[in-house]
Amino acid sequence: MSKKLSMQQRYAALTRDLDWTPDYVDPAKVFPLTSFEGIKVHDWSAWSDPFRLTVDTYHKYQAEKDKRLYAVIDGFAQGQGHLSLSDAQYLNAMKLFIQGVTPLEYAAHRHFAQLARHFDGPGPRFAALCQSIDELRHTQTEVHTLSQYNKYYGGMHSNWKMFDRVWYLSVPKSYFEDAMSAGPFESLIAISFSFEYLLTNLLFVPFMSGASFNGDLPSMTFGFSAQSDESRHMTLGLEAIKFLLEQDEANVPIIQAWIDKWFWRGYRLVALIAQMIDYMLPKKVMSWKESFELYFEEQMLNGLFKDLEFYGIRPPMHVQQAIEEKEILSHQVAWTLYQFSFAAGFNTTVPDEEHQAWLREQYPDTFDKLFAPQWAKAKKIQEEGGRFFFQGLPQLCQVCQVPMLFTEVGDPETICQRQVVYEDERYDFCSDGCQWVFEREPEKYVQAWLPVHQIYQGVCGGPSVPEVLAWYGLQEGDSGEYIGSLDHKDWLAWHATAPVGS
Ligand code: FE
Ligand code: ZN
């Protein structure tokens, strides 16, 4: 009686042993969603929980981290820390973050709450529950961290509305909604594996290292606070895929197709990050190319996928195209955003001499040949008192919803365009990858809410640009050219009167 339980027994008693098997309701009715995708699970108890968290330890640990973060936020705000950022332009990266990433945290919170309800096994249910709470915490800490900048800078005031409405934010929004509207196993592979495991370093490290390099102590602290959750999430992703692959051989081809789909969906999403890391950070961390080589090619392709070979899994189908694009991706996206920033929640400008010298160094084979001439042209227009903005609306890819700006593999001057006719309607795609995703599930993607189509249908505030921008929630100073913008003018005025770091 007095014998103490071992740690493992105690953990089991406090967590999965609380589970029970329904005896007067058919289990298939309690868990109705886990059979239609074709995934076979024979033994849920084979799911291992590497973190052994209980609800009690979970909350104590998270509360400690929150205390530290809020102390940093308070100190920074009281000391007018925003004035010691590298430059006001840095905040364009954080505008993109609060508009495009924070709402994904909230979507992930909902997503994992759904999984926590629907999985048959108590192990993954509890892991999903913890992650659901994590994601809500991330949403809150990000809003609190960035709210201090919102007092002084544009672009951060209406992030929830913008996420639902603005054209480039439909890229992350549609990505996550695609996952949330899939079955529970596909959405687990989509978010926990493809997003959290394959791509998280490409997504979060640039923002968090960017914060640290550019004097944004609160965002850096938020990043550290989220990172320990993140390692739990990555482990869930890896555990999920290995568990499902081990449960039944019939699961292998299903999961392979999900990896193929979600790699490509996720890779198109990080196109926004590629331009952020190369063009939005005044103090550079590393280039997109370096980041892709390190976090994806080295760690995932040559590391993880070598391990997964054992289960009969091969690298994602369109991975070669992603590798080919690493020399050009960030520049093509940055150039597009430069031309369309009159309708965005951040400012853009031509990279200055020093910035271009860095880009040249990072991309010796492509920058001077393909992109420096575009920036030179834009700069000349600006020097003559103009500003080059694209007139009109871009065509969007039906799947990834990015404007059709990507080029043919091996031919960086020819826009890649694919078309499919489905039930007498024509659909356009940016790549073979997006076309392939569409053709697997056309009935899903024909329903896509494409911002440009919606504008033409007249449901986005009205037919004119100012009406659409007002409907987006954009205010004066949020958009367009950086030089001469409200943020720029304020920044110069503050630094003319107040010594930095005082
Ligand atoms: Fe998160
Ligand atoms: Zn696409």
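Counting from 1, the numbers follow the sequence of the chain as shown. Note that ligands are numbered from 1 as they come in the structure, with each ligand's atoms numbered from 1 the same way.
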Task: E135, N/O/S atom nearest the Fe ion (ligand 1) - done: OE1
Task: N/O/S atom name from H138 that is nearest to the position of the Fe ion (ligand 1) - done: ND1
Open item on the list: Tell me which one of Y472, F346, F340 satisfies ring-ring contact (aromatic ring centres under 6.0 Å, His included) with Y168.
Closed with: F346
- [ ] Flag the pair R232 and D229 as a salt bridge only when some basic side-chain nitrogen lies within less than 4.0 angstrom of an acidic carboxylate oxygen.
- [x] yes
Task: H233 N/O/S atom closer than 2.8 Å to the Fe ion (ligand 1) - done: no
Task: From W258, F193, F119, residue fulfilling ring-ring contact (aromatic ring centres under 6.0 Å, His included) relative to F185 - done: F119
Task: Salt-bridge present (R418, E408; N to O < 4.0 Å) - done: yes
Task: More than 12 heavy atoms from other groups under 6.0 Å of CZ on R110 - done: no
Task: the Fe ion (ligand 1) contact by E105, N, O or S atom under 2.8 Å - done: yes
TODO: Look at the N, O or S atoms of D134, main chain and side chain alike, and state whether any lies under 2.8 Å from the Fe ion (ligand 1).
DONE: no
TODO: Angle at the Zn ion (ligand 2): provide the value between SG of C434 and SG of C397, rounding to 10 degrees.
DONE: 110°
